[in-house]
Chemist: 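Questions regarding the structure given below will be posed in turn.
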2 protein chains.
Amino acid sequence: MYTIGQVAEMFDLPISTLRYYDKQGLFPQLIRESGIRKFSENEIEALRVIECLKKSGLEIKDIKLFMDWCAEGPATYSDRFQLIRNQKERVEAEIKQLHKTLDMLKFKCWYYSKAMEDGNEDTAKASIPYGLPEDIRAAYDNSHTQSSDK
Amino acid sequence: MYTIGQVAEMFDLPISTLRYYDKQGLFPQLIRESGIRKFSENEIEALRVIECLKKSGLEIKDIKLFMDWCAEGPATYSDRFQLIRNQKERVEAEIKQLHKTLDMLKFKCWYYSKAMEDGNEDTAKASIPYGLPEDIRAAYDNSHTQSSDK
DNA sequence: TATTAACCTAAAGCTAGGTTTAGGGATTAT
DNA sequence: ATAATCCCTAAACCTAGCTTTAGGTTAATA
């Protein structure tokens, strides 16, 4: 059993955040002794799940839903499964999106180092396709090559 | 040259958002004709950059900084380069983080399909290491195996 | 005995990133 | 000429996710 202060330290979270989570219903099984919160292994695991679901982009009110399901027992396994699977897919999509963002940033990185080298953006501007995936390149192709190409 | 409505449609953004961006100073080169905004190729490219930097986690006020640098010419190439490189690193770190989140979700996915199969979490709870990376597993190891192991 | 530390609550406050509202002007279609 | 459709502004409003404030209880220490 841990006090709120101990848990705050374990997870490197402000105490106020833990109280806020509790108020939002994220610890439906939390027990109090004369008003004071007692965090058991159950809440510690809950917090790990909370952090994971938060990173996956789930809102607090939906995390509460999940935690309520956890408190309800085996009848909710399939709800919990589906929620987790949805978040899994969401994260997979997010990773794909971030890879595109990364490609763009890599291109701009190259672009500005070229511009620094040259003292201007002329050559850089002319060399769009460097390492960019098709769909991003497509946007560039028709914005920068109005003269030669069509 | 495009009107705000055309740009909104091109980028699938509400007009109000474009006006908000303008108000925050994200289009320092934007020209108006008798009060009406005229978006040129320059602003279109700016918007592509804005969307990219937003996805990379940059705040509006820092995006404004970048756009101001763009309007200032070659003297700011190295500032721009450094900002982009920082965001690139940030996105790389974010992708790594999301992979960890994904591993956790995959584990929970497996966990709940096992629980559904069994009608309880007993076997699932006992089989922690399934596909989890070391650092996440470590947290589980000492929370679930107090009895057997130490 | 007094003070320090760690807990508690309710409620107000804050930030980012928009969105909505209320009111107005200019151009085009009927 | 009148009605619809764009455009404009300023300012109020909204949401999520906390954080801060103000005031109070309990328990161990000096």
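So you know, we letter chains A, B, ... as the sequences are listed, proteins then strands, and number each from 1.
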Chemist: Tell me the interatomic distance from A:Glu33, atom CD, to C:dC7, atom P, rounded to whole angstroms.
Modeler: 14 Å

Chemist: For a quick test of reading the model, state the closest non-hydrogen atom pair linking B:Thr76 to B:Cys70 and the distance between them.
Modeler: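 Answer, listing the atom of B:Thr76 first, then B:Cys70: OG1-N, 4.5 Å.
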
Chemist: Please classify the nucleic acid contact of B:Thr3 as base, sugar-phosphate, or nothing, using heavy-atom distances under 4.0 Å.
Modeler: sugar-phosphate

Chemist: Is the phosphate of C:dT9 approached by A:Arg32 (side-chain N or O, under 4.0 Å from OP1 or OP2)?
Modeler: yes

Chemist: Quick check: are there more than 12 heavy atoms from other residues, nucleotides or ligands sitting under 6.0 Å from CD of A:Glu9?
Modeler: no

Chemist: Between A:Ser34 and A:Ser16, name the one whose nearest nucleotide on DNA chain D is closer to the 5' end.
Modeler: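 Its nucleotide being nearer the 5' end, the pick is A:Ser16.
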
Chemist: For A:Ile15 and C:dA6, give me the distance from atom CD1 to atom P, rounded to whole Å.
Modeler: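 Those two atoms, CD1 and P, are 8 Å apart.
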
Chemist: A:Leu26, A:Ile36: one ILVMFWY side-chain cluster at the under-4.5 Å cut-off?
Modeler: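 The answer is no; the residues belong to distinct hydrophobic clusters.
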
Chemist: Check every strand shown and say whether B:Arg37 touches a base, only sugar-phosphate, or nothing at a heavy-atom separation below 4.0 Å.
Modeler: sugar-phosphate

Chemist: Taking only the side-chain nitrogens and oxygens of B:Thr17, find out if one of them lies under 4.0 Å from OP1 or OP2 of C:dT19.
Modeler: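 Checking B:Thr17 against C:dT19: at least one side-chain N or O falls below 4.0 Å of OP1 or OP2.
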
Chemist: Under 4.0 Å, heavy atoms only, any strand: does A:Lys54 hit a base, just the sugar-phosphate, or nothing?
Modeler: sugar-phosphate

Chemist: What is the separation between atom NZ on B:Lys61 and atom C1' on C:dG18, rounded to the nearest whole Å?
Modeler: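 Checked: the NZ to C1' distance equals 16 Å.
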
Chemist: Which residue, A:Asp22 or B:Ile60, contacts DNA chain C at a nucleotide closer to its 5' end, judged by nearest heavy atom?
Modeler: A:Asp22

Chemist: Look at the side chain of A:Arg19 and decide which nucleotide, out of C:dT9, C:dT20, C:dA10, has an atom nearest to it.
Modeler: C:dT9

Chemist: Scan nucleotides 23-25 of chain C against the protein and return all N/O pairs shorter than 3.5 Å with their distances rounded to 0.1 Å.
Modeler:
none

Chemist: Using the side chain to side chain contact (heavy atoms under 4.5 Å, CB included) rule, take B:Leu83 and B:Leu53 through it: C-alpha gap first, then chi angles, then the decisive distance, then the call.
Modeler: CA-CA 10 Å; B:Leu83 184 146; B:Leu53 290 177; 4.2 Å; yes

Chemist: Please determine whether a side-chain nitrogen of the Lys or Arg among B:Lys108 and A:Glu45 lies less than 4.0 Å from a carboxylate oxygen of the Asp or Glu.
Modeler: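 Salt bridge between B:Lys108 and A:Glu45, a charged N being under 4.0 Å from a carboxylate O: yes.
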
Chemist: Take atom CD1 of B:Ile50 and atom P of C:dG17, then tell me their distance rounded to the nearest Å.
Modeler: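 Value for this atom pair: 12 Å.
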
Chemist: Side-chain heavy atoms under 4.5 angstrom apart, residues restricted to Ile, Leu, Val, Met, Phe, Trp, Tyr: same cluster for B:Ile31 and B:Met1?
Modeler: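 Hydrophobic grouping puts B:Ile31 apart from B:Met1.
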
Chemist: Could you give the CD1-to-P distance, from A:Ile36 to C:dC8, as a whole number of Å?
Modeler: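 Atom CD1 in A:Ile36 sits about 6 Å away from atom P in C:dC8.
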
Chemist: Tell me: CG of A:Leu30 to P of C:dC7, nearest whole Å?
Modeler: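 Value for this atom pair: 13 Å.
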
Chemist: Are more than 12 heavy atoms, taken from residues, nucleotides or ligands other than A:Tyr2, located less than 6.0 Å from that residue's OH atom?
Modeler: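 Atom OH in A:Tyr2 is not packed in, count stays at 12 or less.
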
Chemist: In whole angstrom, what separates A:Gln24's CD from C:dA10's P?
Modeler: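 After rounding, the gap between these two atoms is 13 Å.
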
Chemist: Give the C-alpha distance, both sets of side-chain angles, the deciding distance and a yes or no for side-chain hydrogen bond (donor to acceptor under 3.5 Å, both in side chains) between A:Tyr77 and B:Glu121.
Modeler: CA-CA 9 Å; A:Tyr77 286 155; B:Glu121 292 162 62; 3.1 Å; yes

Chemist: Give a yes or no on this: more than 12 heavy atoms of other residues, nucleotides or ligands lie within 6.0 Å of atom CD1 of B:Ile15.
Modeler: yes

Chemist: In this structure, how many angstroms lie between the C1' atom of C:dG17 and the CD atom of B:Glu59, rounded?
Modeler: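 The distance from CD of B:Glu59 to C1' of C:dG17 comes to 10 Å, rounded to the nearest Å.
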
Chemist: Can you name the nearest heavy-atom pair linking B:Leu18 to B:Leu13, along with the distance?
Modeler: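 Minimum heavy-atom contact is CD2-CD1, 4.1 Å.
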
Chemist: Nucleotide range of DNA chain D contacted by chain A, 5' to 3', under 4.0 Å to a heavy atom?
Modeler: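 Listed 5' to 3', the contact boundaries are D:dG17 to D:dT20.
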
Chemist: Can you check whether B:Tyr21 has a side-chain N or O nearer than 4.0 Å to OP1 or OP2 of C:dG18?
Modeler: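 Yes, within the criterion.
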
